[in-house]
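Shown next, in structure tokens, is the structure this report addresses.
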2 protein chains.
Amino acid sequence: MIIDIEKSLRRRGIPLTHQRLAIYARLKRSKEHPSAETLHRALKRRYPSLSLATVYKTLQTLHGLGFISLVNQPHAQARYDALTKRHHHAICEACGAIEDLFNKRLDRLPTPPVPRGFKITGHSVHFRGLCARCARRTRRSKP
Amino acid sequence: MIIDIEKSLRRRGIPLTHQRLAIYARLKRSKEHPSAETLHRALKRRYPSLSLATVYKTLQTLHGLGFISLVNQPHAQARYDALTKRHHHAICEACGAIEDLFNKRLDRLPTPPVPRGFKITGHSVHFRGLCARCARRTRRSKP
DNA sequence: ATTCTTGCAAACGGTTTGCACATAC
DNA sequence: GTATGTGCAAACCGTTTGCAAGAAT
């Protein structure tokens, strides 16, 4: 279970600390997509000296290694839109640009089986990738 | 253009200020889903006394009235997930809970026509609504 | 022994708040 | 004239950073 991360860290020469294992193990057991603070609170009982800063740093490390994913970005600033009618977004992973997308097929996706009791009122599709400008720049910088 | 908001504010007895109109008008002309700061910077040229706090308050007001929408939430904290394989989310608008959703059909949506030059690398579908608990609570509190 | 991580406290940046003054009605 | 909004500065909260002490290799 935790072995995969142990091996992977070892292989890359990244020190294997108690904190890293504990944080990863806890996140793996959680189903609620916890925040750094939630994780910290939960782990503090067992590891009273664990600091919140370490939780943040560890989450960054694990994310960098592809072991975990972010549901929302840290420090993302709020963005507003006067367009309130249904639409979708293409989000550039490099620069954060958000472009609108209109598409009837995406508007009427079949509602999938949902967690028990969840009342769905709407949906939107998020495409991610590189906007034209960043795609150009990336191509150039990759030798 | 701006008349709809003028009427709507009047009708509700909400004072119609220059700031509100200017902020809404500017947002309506923007295609880049600006942040509060971006709007403030842009408007400051024409309204030098406009404060950032007013921009924030106005955006809240307009959002409350349904005139604008939020692309990301202000002060949303980062949330993490040890599940890195493809999946989708159902997000509760009341409590912010995020539930995982697995669905093959959603995994392979047809790629729609995209803004010129945008390179898509992936997508995910966000359903919004009320989780079981909040749905129950809402029903109870609505007489 | 060396290199990388941890924990602390201070700094940071975006957002909110409290309050005196100004404006819309 | 009253109620509400505005602008300012301070507070706030989540996240990051600098650094001395500690742990992993």
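Chain letters run A, B, ... following the sequence lines, proteins first, then strands; residues in each count from 1. Quantities reported herein were computed from a predicted structural model and do not represent experimental measurements.
Residues B:R20 and B:P15 have side chains in contact (heavy-atom distance under 4.5 Å, counting atoms from C-beta outward). Side-chain contact check for A:L59 versus A:L27: some heavy-atom pair is nearer than 4.5 Å.
No side-chain donor-acceptor contact under 3.5 Å links A:H88 and A:N103. A donor and an acceptor atom, one from each side chain of A:T58 and A:T61, are nowhere located under 3.5 Å apart.
Considering only side-chain atoms of A:L16, the nucleotide from C:dC8, C:dT16, D:dT25 that sits closest is D:dT25. In the set C:dG7, C:dC4, C:dT16, C:dT16 carries the atom at the smallest distance from any side-chain atom of B:P74.
Mapping B:G13 and A:P15 onto DNA chain D via the closest heavy atom, the residue that lands nearer the 5' end is B:G13. Mapping B:R10 and A:K57 onto DNA chain C by nearest heavy atom places A:K57 at the nucleotide closer to the 5' end. Of the two residues contacting DNA chain D, namely B:T58 and A:E37, the nearest-nucleotide position lying further toward the 5' end is that of B:T58.
The shortest distance between the side-chain N/O atoms of A:S51 and the OP1/OP2 oxygens of C:dT6 is not below 4.0 Å. For D:dA23, neither phosphate oxygen OP1 nor OP2 lies less than 4.0 angstrom from any side-chain nitrogen or oxygen of A:Q19. The phosphate of C:dG13 (OP1 or OP2) has no side-chain N or O of A:Q77 nearer than 4.0 angstrom. At least one side-chain nitrogen or oxygen of B:H18 sits closer than 4.0 Å to the OP1 or OP2 atom of C:dA24.
Within the 4.0 angstrom heavy-atom criterion, only backbone atoms of the sugar-phosphate kind lie near A:S49; the bases stay farther away. Using a 4.0 Å heavy-atom cutoff across all strands shown, B:A78 reaches sugar-phosphate atoms only and no base atom. Residue-level contact check: B:T17 touches the backbone only, with heavy atoms under 4.0 Å from sugar-phosphate atoms and none from bases.
Of the inter-residue distances, the one linking A:E37 atom CD with B:R79 atom CZ reads 12.0 Å to the nearest 0.5 angstrom.
Taking the centre of each ring, B:H123 and A:H126 stay at or above the 6.0 Å mark.
For the pair A:R11 CZ and D:dA24 P, the computed distance is 21 Å after rounding to whole Å. Rounded to an integer number of Å, the gap from B:H40 NE2 to D:dG7 P is 8 Å. Distance B:L21 CG to C:dT23 C1': 14 Å, rounded to the nearest Å. The nearest whole Å value for the distance from the CZ atom in A:R41 to the P atom in D:dG14 is 10 Å. If you measure from atom CD of A:Q60 to atom C1' of D:dG14, you get 13 Å, rounded to the nearest angstrom. Computed from coordinates, the A:L9 CG to C:dC4 P distance equals 14 Å when rounded to whole Å. For the pair A:L43 CG and C:dT6 C1', the computed distance is 15 Å after rounding to whole Å. Across the protein-nucleic acid pair, A:R20 atom CZ and C:dT6 atom C1' stand 10 Å apart, rounded to whole Å.
Looking at B:H75, its side chain comes within 3.5 Å of the base of C:dG14 through a donor and an acceptor atom. If you check distances only, the side chain of A:K44 never reaches the base of C:dG7 with a donor-acceptor pair under 3.5 Å.
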